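Note sheet for the following structure.
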Amino acid sequence: MNSLAILFSIILSVVYSEEIQSDPNGYIIFCPCMGRFGNQMDQFLGALAFAKGIGRTLVLPHLVEYPDRFSSSVQIPFQSYFKAEPLAEYTKVILMDDFMKNLAPKVWPKGNRTVFCYMSRGNANDCAAKDGNPFGPYWDKFGVDFDKSEFYAPLSFDPNFEKHRLEWKKRFPAEKYPVLAFTGAPGAFPVIETNVPLQKYIKWSDMIDFKADKFINQFKNDPKEKFIAIHLRNGIDFKRACEHVKTSKTNFFASPQCLGYSQENGEMTEELCYPSEKTIFKQLGKALKKYDAQYVYIATDAEDMLVKLSKKFKNVKFTKYTENNPHVDLCILGKADHAIVNCVSSFSAFVKRQRDSENKTTEFWGFKAKKRTEL
């Protein structure tokens with residue numbers, strides 16, 4: 001790089017740093033440390049609503065992943081998967097890297113970093129914010145060590161509770177606590193019903209969107225032809241989790257998305273959690289006929305059933321993404337003319353929320369809404 005280019009780079013860096021003004025109302029920062037992608041995004045919607053509710057800027061977290069070849073979790077920048085700009089239409093946001101580089105030295109300096117948790121963790125008399133994986137690796141990624149713990153019990157994260165919303169500001173004013181750093185996401189799992197519509201502000205990055213469109217254009221001969229996308233959550237881990245359904249008919253994981261938050265639409269069943277091949281064949285057959293689809297895209301973390309489905313539906317072309325990239329899977333699921341997903345899966349829940357925000361049709365494996373009796 002020549003001297004002129006170096007000078008230009010320095011000028012850009014200085015200008016950019018000056019453009020980022022600190023928020024006098026403070027910031028919210030957290031580790032999305034519960035579960036994998038689906039769980040993290042459920043809680044992210046809660047964090048988004050919470051930040052807006054108490055008037056602070058939300059620091060967009062890196063997302064936590066657990067690659068097979070790594071002994072520890074890895075942290076992926078939010079912007080690798082999503083755009084920040086649509087979120088800014090709803091509330092104030094800033095990328096984690098930008099915050100740590102340009103604002104943290106001033107508003108959250110080393111030696112003066114407090115972490116927040118509901119109550120003490122384990123036998124310690126503090127939040128133990130960096131104990132274990134992914135907690136330790138997450139904060140180490142940004143060189144963060146905590147100097148003090150604050151317990152916020154009995155407050156909740158739901159800004160709809162006016163008393164709690166005001167209490168957050170009263171107990172932890174921005175003048176004294178410019179940064180509220182949480183050990184975990186300040187949001188519920190599954191996402192609370194009032195926060196579901198916030199999904200409309202979650203937009204894929206250009207790269208994810210490009211990969212999805214490119215693959216769709218490769219398997220479709222004509223852009224006008226229709227395709228159905230299905231999510232098969234049929235790994236051994238999920239099969240074991242669904243054993244729970246044998247002894248309980250209450251909501252489980254993301255099931256409020258189809259059963260309703262008060263189970264007004266029915267009870268949990270084994271078929272709803274882990275659908276049989278018979279259910280998959282029957283339901284897909286009806287959907288293919290209804291939507292006159294020529295293609296089916298399969299997203300799964302285990303058995304794709306591609307051979308079995310191809311034999312059953314000989315005039316339909318079945319396909320799946322050639323790389324192990326669940327985010328492209330999700331994007332394609334969202335772009336389909338119709339989708340069939342798993343009621344209990346938080347991965348499927350992300351798809352359902354996205355499709356609802358775009359007025360696209362979605363159904364769940366094995367789900368039949370309870371008939372309501374007219375009075």
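The shown structure was predicted, so the numbers you read here are calculated from the model rather than taken from an experiment.
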Kindly indicate whether the side chain of N25, heavy atoms from C-beta on, has any atom under 4.5 Å from the side chain of T57. no
Residues that R56 engages under salt bridge (charged side-chain N to carboxylate O under 4.0 Å, His left out), provided they are two or more places apart: none
Output yes when a side-chain donor or acceptor of D140 lies under 3.5 Å from a complementary backbone atom of G143, and no otherwise. no
By the definition side chain to side chain contact (heavy atoms under 4.5 Å, CB included), identify the one residue from D356, V191, L45 that meets it with V196. V191
For the pair H327 and W204, name the ring-plane relationship: parallel under 30°, tilted 30 to 60°, perpendicular over 60°. perpendicular
Can you list everything that forms a salt bridge (charged side-chain N to carboxylate O under 4.0 Å, His left out) with D147? Sequence neighbours excluded, please. none
Pairs in or reaching into residues 195-254: which pass disulfide (SG to SG under 2.5 Å), with residues at least two apart or in two chains? C242-C273
Heavy-atom closest pair (R121 atom, A128 atom, distance to 0.1 Å) is NH1-O, 2.7 Å
Which is it for D42 and R353 under the salt bridge (charged side-chain N to carboxylate O under 4.0 Å, His left out) test, yes or no, and what are the steps along the way? CA-CA 10 Å; D42 265 48; R353 292 193 302 266; 2.9 Å; yes
Which residues satisfy the salt bridge (charged side-chain N to carboxylate O under 4.0 Å, His left out) test with K92, sequence neighbours excluded? D23
Examine the side chains of Y297 and D329 and answer whether a donor and an acceptor come within less than 3.5 Å of each other. yes
Decide yes or no on side chain to side chain contact (heavy atoms under 4.5 Å, CB included) for V144 and M100, but give the supporting numbers first. CA-CA 9 Å; V144 171; M100 292 304 301; 3.7 Å; yes
How about F172 and F116: are their ring centres within less than 6.0 Å of each other? yes
Looking just at side-chain N and O atoms, do T250 and Q263 make a donor-acceptor pair shorter than 3.5 Å? no
Can you list every disulfide (SG to SG under 2.5 Å) pair that touches residues 44-77, not counting sequence neighbours? none
Looking only at non-hydrogen atoms, find the nearest pair between A84 and L95 and report the distance. CB-CD2, 4.2 Å
Parallel under 30°, tilted from 30 to 60°, perpendicular over 60°: which one fits the rings of F281 and F313? perpendicular
Taking the side chain as C-beta and beyond, is there a heavy-atom pair between D126 and S120 under 4.5 Å? no
Considering non-hydrogen atoms only, spot the tightest contact between P61 and F44 and give its length. CD-CE1, 4.0 Å
Between N251 and S255, do the side chains contain an N or O donor and an N or O acceptor separated by less than 3.5 Å? yes
Evaluate whether atom NZ of K282 has more than 12 neighbouring non-hydrogen atoms of other residues, nucleotides or ligands under 6.0 angstrom away. no
Disulfide (SG to SG under 2.5 Å) contacts touching residues 55-117 (sequence neighbours left out): C117-C127
Taking the side chain as C-beta and beyond, is there a heavy-atom pair between F82 and K203 under 4.5 Å? no
Can you list the residues that meet the salt bridge (charged side-chain N to carboxylate O under 4.0 Å, His left out) rule with E303, with sequence neighbours excluded? K308
Using a 4.5 Å cut-off on heavy atoms from C-beta on, say whether the side chain of L232 contacts that of I280. yes
Non-neighbouring partners of Y201 that pass side-chain contact (heavy atoms from CB on, under 4.5 Å), sequence neighbours left out: L87, E89, Y90, L198
Counting N and O atoms only, with roles assigned by atom type, does the side chain of S205 sit under 3.5 Å from a partner on the main chain of S80, one being a donor and the other an acceptor? yes
Hydrophobic cluster membership, with links at side-chain heavy-atom distances under 4.5 Å among I/L/V/M/F/W/Y: are V341 and Y321 in one? yes
Are the side chains of L180 and T114 in contact, using a 4.5 Å heavy-atom criterion? no
Does the side chain to side chain contact (heavy atoms under 4.5 Å, CB included) test come out yes or no for I340 and Q283, once each step is laid out? CA-CA 9 Å; I340 311 177; Q283 205 164 333; 4.0 Å; yes
Given the rule in the side chain to side chain contact (heavy atoms under 4.5 Å, CB included) test, do L306 and T319 qualify, once you have shown the distances and angles that lead to the verdict? CA-CA 7 Å; L306 199 150; T319 188; 5.7 Å; no
Between S357 and Q354, what is the shortest heavy-atom contact and its length? OG-O, 2.6 Å
Looking at D237, I want to see if its CG is surrounded by more than 12 non-hydrogen atoms of other residues, nucleotides or ligands under 6.0 Å. yes
Using the rule side chain to side chain contact (heavy atoms under 4.5 Å, CB included), only one of Q40, H231, M41 pairs with F350; which is it? M41
Among F182, F151, F157, Y152, which one satisfies ring-ring contact (aromatic ring centres under 6.0 Å, His included) with Y118? Y152
Identify all side-chain donor-acceptor contacts of residues 208-219 below 3.5 Å with residues at least two apart in sequence or on another chain.
{"unit_1": "D209", "atom_1": "OD1", "unit_2": "K335", "atom_2": "NZ", "d": "3.0"}
{"unit_1": "D213", "atom_1": "OD1", "unit_2": "K335", "atom_2": "NZ", "d": "3.1"}
{"unit_1": "N217", "atom_1": "ND2", "unit_2": "D213", "atom_2": "O", "d": "3.1"}

Do the side chains of L58 and I94 get nearer than 4.5 Å, heavy atoms only? no
In Å, rounded to the nearest 0.5 Å, how long is the span from CZ of F50 to CD1 of I28? 4.5 Å
Taking all atoms of both residues into account, what is the closest heavy-atom pair of Y295 and E225, and its distance? OH-OE1, 2.6 Å
Can you check side chain to side chain contact (heavy atoms under 4.5 Å, CB included) on F318 and V316, steps first, answer last? CA-CA 6 Å; F318 291 83; V316 178; 3.8 Å; yes
In plain terms, say whether K226 and D292 are close enough for a salt bridge, that is, a side-chain N and a carboxylate O under 4.0 Å apart. no
Do R355 and E358 sit within salt-bridge range, that is, some charged N less than 4.0 Å from a carboxylate O? no
For H62, enumerate each residue passing the side-chain contact (heavy atoms from CB on, under 4.5 Å) test, keeping only those at least two apart in sequence or located in another chain. Q75, P77, M96, D97, Y138, K141, F142
What one should report as the nearest heavy-atom pair of A287 and H338 is CB-CD2, 4.2 Å
Are L103 and W108 close enough that some pair of their side-chain heavy atoms sits under 4.5 Å apart? no
K312 atom NZ: more than 12 heavy-atom contacts under 6.0 Å: no
Are K110 and D145 close enough for a salt bridge, meaning some N to O gap below 4.0 Å? no
State plainly whether the residues R240 and E243 are in salt-bridge range, i.e. N to O under 4.0 Å. no
Tell me whether K360 contacts the main-chain N or O of G334 through its side chain, where contact means a donor paired with an acceptor under 3.5 Å. yes
Residues in disulfide (SG to SG under 2.5 Å) with C258, at least two apart? C343
Just checking, is any N or O donor in the side chain of S346 or N39 under 3.5 Å from an acceptor N or O on the other one? yes
Does anything in residues 166-182 form a side-chain hydrogen bond (donor to acceptor under 3.5 Å, both in side chains)? List the pairs, not counting sequence neighbours. E150-Y177
Decide yes or no for M268 and V344: does some side-chain heavy atom of the first lie under 4.5 Å from some side-chain heavy atom of the second? yes
